[in-house]
Amino acid sequence: MGKKDTGKQISSDSSSESPAGMKRREFLKRSAWLGAGALAANAWAALPPEAWAKLTPEQKKLSHESPFEIKNRLIDLAEKTCREKAAKKQACRFINAGRGNPDFLNTTARQAFSELTRFAAQAAGDETKAPDLGMRVETKGMAAKLKKYLDQHGQGAGAEFLKKAVDFTENQLGLNADEAAFELVDAVQGDFYPDPPRILPVTEKIVNKYLSRVLFAGNPPKGEFSLFATEGATAAMIYVFKSLRINKVLRPGDHIAIFTPIFSPYLEIPELKEYNLISIYVEGDEDQGWQLPESEVKKLEDPGVKALFLVNPTNPTSRALNKSTVERIAKLVRQKKQDLVIINDTVYATFVNEFHTLAEEIPQNTIGVYSYSKYFGVTGWRLGVVSIYQECVVDRIIQKLPAKDKKELARRYSITSTDPDKIRFMDRLEQDSRDVALAHTGGLSGPQQAIMCLFSLFELMDKEFAYKKTIMDILKKRWHALYQALELPEPKSDNLTRYYALVDLKRMANKRHGKAFSEYLAEQWPLDFLIRLAKIHSTVCLPGEGFAGPKWSLRVALANVKSADCARVGKNIVAVMDDYYKKWQKKG
């Protein structure tokens, strides 16, 4: 198993029930429910043996279950409480603040998709007189046909947007209107394998324009970015990990740096047997707005560190890296780590006013991962994309591989090319996603690419950022309601997404009831706070430790909880905290 390189050893004695004295495999298994693999194991190590010994058999059993089962158990507890109160004619409100799925979504692009689907079916039917049967349409004249249909049959905001979008692709983006209209129509039909499989050509141009706006404020680095449309950022992440391993860029035992706190799969995947990577945590400083101190940036100088994984803006701390932090990392890479591979997840970039990405400074080192899911409310559509610069460090690393490795890789890719050594990493990525043999059927489905285009065009055409401002205003109100209820200062900054809030319970305890109480709280079973929150107040949150956050913290997902419920979440957290305090006072 891969692990955090802390220099600390875990005893191989599996007979003891103390966390400090159990076999590593069992230790990780017990800590897995926290959602952070080796890092969560450190939390168990911090729990005093006497505290572990006091846990009930049921509590110890919980440590064998997956984090998903734990989350479900919290939901069950919360819902059970509401059912019991309802039976007694008592009021109860179940609040699931553990989900990252937003409750807001874009309607206009969806309406346009519906209009496009209706037109595509009619256009196919016009090619034959047979009932229930259509034929694949032709490119020539498609833009005019679509406009005519929308003028005669289009309805509402979707039709109006679609008409303007066709003109926008031609007049503002310089694309051939017929080719753009045909690709949208053919894609929404889903009647043909995506060709090329990596991403459709017009889609790639439109999505690149969109990414230029949201990631680079319309001023991208000189050069071109190639894109691979994927089934959400989840698939993008898995494909990148997999292809880096297959192409021997990352090998078992290699060191990787992970900017923490972070979305938990970036902590867990390196530990899998097929990767077996050693993780070095580059830790954001809570006192510095979760930016990286110089001492943490210097960890990247380690010659053994082959890659850096980061989510920017962060999940769960809701912070984007500031310009100075990005420039310091980029400077180090240019001067000392030219072969460092960076996987930069930018899913939340659209939620901040000020955003800076490493791809601005060192695009050749940065593999970008982006998803439409949160901003447009399309988690169920699974819309993601990988972005790779024309001069990619991975291509250079592959070319420098030993002859034996290059020969092995040439055999792998020889079924797709007569010159496999020259296949770019971007194309290897797509081919590896389908184990090469099925590379010709790779790529995101046509209808998914069509709506991805529509969302991209919607944002590009929204010159005043009206949609973005509306969403940010919603999140600001929820953020304010939560912190007001928590009776904590409300963090304010242009680099805040406010999509999540990471509440440091130990700091809150210290501020509310003093240092002695906060130290007492830190010695308790971490999950107990979340269980009480669910069982007594029917409120579900996730452990911050599961994201490599502070050991006593929890994550509140604001994107799925209305302002009034955000206030309730805050009040419920305070109530649980105060209950702990009363219990401590009685012991005192």
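In what follows, residues are counted from 1 in the order of the sequence shown. No hydrogens, no waters, no symmetry mates; every other heavy atom, side chains included, goes into these values.
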S.K.: Do NZ/NE/NH1/NH2 and the carboxylate oxygens of D565 and R478 come within less than 4.0 Å?
M.R.: no
S.K.: Does the pair K306/D339 count as a salt bridge with the N-to-O cut at 4.0 Å?
M.R.: no
S.K.: Under the criterion side-chain contact (heavy atoms from CB on, under 4.5 Å), which of L211, L184, L457 is the partner of I206?
M.R.: L457
S.K.: Using side-chain heavy atoms (C-beta onward) and a distance below 4.5 Å, is L554 in contact with L505?
M.R.: yes
S.K.: Quick test of your reading: applying ring-ring contact (aromatic ring centres under 6.0 Å, His included), list the pairs with at least one residue in residues 290-340, sequence neighbours left out, ordered by first then second residue.
M.R.: F241-F309
S.K.: Check V503 against M508 and note the closest heavy-atom contact, atom names and distance.
M.R.: CG1-SD, 4.2 Å
S.K.: What distance do N101 atom CG and T379 atom OG1 have between them, rounded to the nearest 0.5 Å?
M.R.: 3.5 Å
S.K.: May I ask you to check whether F529 and Y580 place their ring centres under 6.0 Å from each other?
M.R.: yes
S.K.: Considering only NZ, NE, NH1 and NH2 on the basic side and carboxylate oxygens on the acidic side, decide whether K468 and D462 come within less than 4.0 Å.
M.R.: no
S.K.: Is the distance between the ring centroids of Y467 and F458 under 6.0 Å?
M.R.: yes
S.K.: Would a distance-only check, ignoring hydrogens and angles, find a side-chain to backbone donor-acceptor pair under 3.5 Å from T366 to P363?
M.R.: no
S.K.: Could you go through E464 and K469, starting from their C-alpha distance and side-chain angles, then the distance that decides it, and tell me whether this counts as salt bridge (Lys or Arg N to Asp or Glu O under 4.0 Å)?
M.R.: CA-CA 9 Å; E464 302 302 319; K469 290 175 182 176; 5.1 Å; no
S.K.: For the residue pair D504 and E286, what are the closest heavy atoms and their distance?
M.R.: OD2-OE1, 2.8 Å
S.K.: Under 3.5 Å, is there a donor-acceptor pair between the T260 and E283 side chains?
M.R.: no
S.K.: Between A257 and L300, what is the shortest heavy-atom contact and its length?
M.R.: CB-CD2, 3.5 Å
S.K.: Could you grab the distance from atom CZ of R93 to atom NE2 of H537, nearest 0.5 Å is fine?
M.R.: 16.0 Å
S.K.: Taking all heavy atoms of S318 and all of Y499, pick out the closest pair and write down the distance.
M.R.: OG-N, 3.5 Å
S.K.: Treating Q448 as the side-chain partner and W381 as the backbone partner, does any N or O pair qualify as donor plus acceptor under 3.5 Å?
M.R.: yes
S.K.: Examine Y500 together with Y348 and report whether their ring centres are nearer than 6.0 Å.
M.R.: yes
S.K.: Would R213 count as a cation-pi partner of F465, with NZ or CZ less than 6.0 Å from the six-membered ring centre and within 45° of the ring normal?
M.R.: yes
S.K.: side-chain hydrogen bond (donor to acceptor under 3.5 Å, both in side chains) between Y275 and D254: does it pass, once the steps are laid out?
M.R.: CA-CA 9 Å; Y275 297 103; D254 279 348; over 6 Å; no
S.K.: Would you compute the distance between atom CG of L527 and atom CG of L533 and round it to the nearest 0.5 angstrom?
M.R.: 11.0 Å
S.K.: Which heavy-atom pair separates I95 from R568 by the least distance, and what is that distance?
M.R.: CD1-CB, 3.7 Å
S.K.: Is K571 atom NZ crowded by more than 12 heavy atoms from other residues, nucleotides or ligands, each under 6.0 Å away?
M.R.: no
S.K.: Just by distance, do the side chain of S243 and the backbone of V240 share a donor-acceptor pair under 3.5 Å?
M.R.: no
S.K.: Between D473 and T470, do the side chains contain an N or O donor and an N or O acceptor separated by less than 3.5 Å?
M.R.: no
S.K.: Hey, what do you get for CG (D395) to CZ (F425), rounding to the nearest 0.5 Å?
M.R.: 8.0 Å
S.K.: Please answer whether the main-chain N or O of K515 pairs with a side-chain N or O of N510 as donor and acceptor at a distance below 3.5 Å.
M.R.: yes
S.K.: Just say parallel, tilted or perpendicular for the rings of H513 and Y581, cut-offs at 30° and 60°.
M.R.: parallel
S.K.: Between E354 (side chain) and A320 (backbone), is there a donor-acceptor pair under 3.5 Å?
M.R.: no
S.K.: Kindly state each residue pair satisfying side chain to side chain donor-acceptor pair (under 3.5 Å) with at least one member in residues 220-235, sequence neighbours excluded.
M.R.: S226-R424, E231-Y239, E231-R434, T234-R382
S.K.: With ring pair (Phe, Tyr, Trp, His ring centres under 6.0 Å) as the test, pick out the partner of Y210 among F216, F455, Y372.
M.R.: Y372
S.K.: Do K511 and E487 meet the salt-bridge criterion of a basic N to acidic O distance under 4.0 Å?
M.R.: no
S.K.: Could you label the plane-to-plane angle of the W479 and Y483 rings as parallel, tilted or perpendicular, counting under 30° as parallel and over 60° as perpendicular?
M.R.: tilted
S.K.: Which atoms form the tightest heavy-atom contact between P491 and L496, and what is the distance?
M.R.: O-CD1, 3.4 Å
S.K.: Any side-chain donor-acceptor pair under 3.5 Å between Y375 and N106?
M.R.: no
S.K.: Looking at R532 and D528, does any basic side-chain N land under 4.0 Å from a carboxylate oxygen?
M.R.: yes
S.K.: Using a strict cut-off of less than 4.0 Å between a Lys/Arg side-chain nitrogen and an Asp/Glu carboxylate oxygen, indicate whether E327 and K331 qualify as a salt bridge.
M.R.: no
S.K.: Treating N312 as the side-chain partner and H356 as the backbone partner, does any N or O pair qualify as donor plus acceptor under 3.5 Å?
M.R.: yes
S.K.: Would you compute the distance between atom CG of L175 and atom CD of E170 and round it to the nearest 0.5 angstrom?
M.R.: 9.0 Å
S.K.: Drop me the distance from S433's OG to R198's CZ, to the nearest 0.5 angstrom.
M.R.: 11.5 Å
S.K.: Charged N to carboxylate O below 4.0 Å: is that the case for K336 and E301?
M.R.: yes
S.K.: Give a yes or no answer on whether the side chain of E183 reaches the backbone of V202 with a donor-acceptor pair at less than 3.5 Å.
M.R.: yes
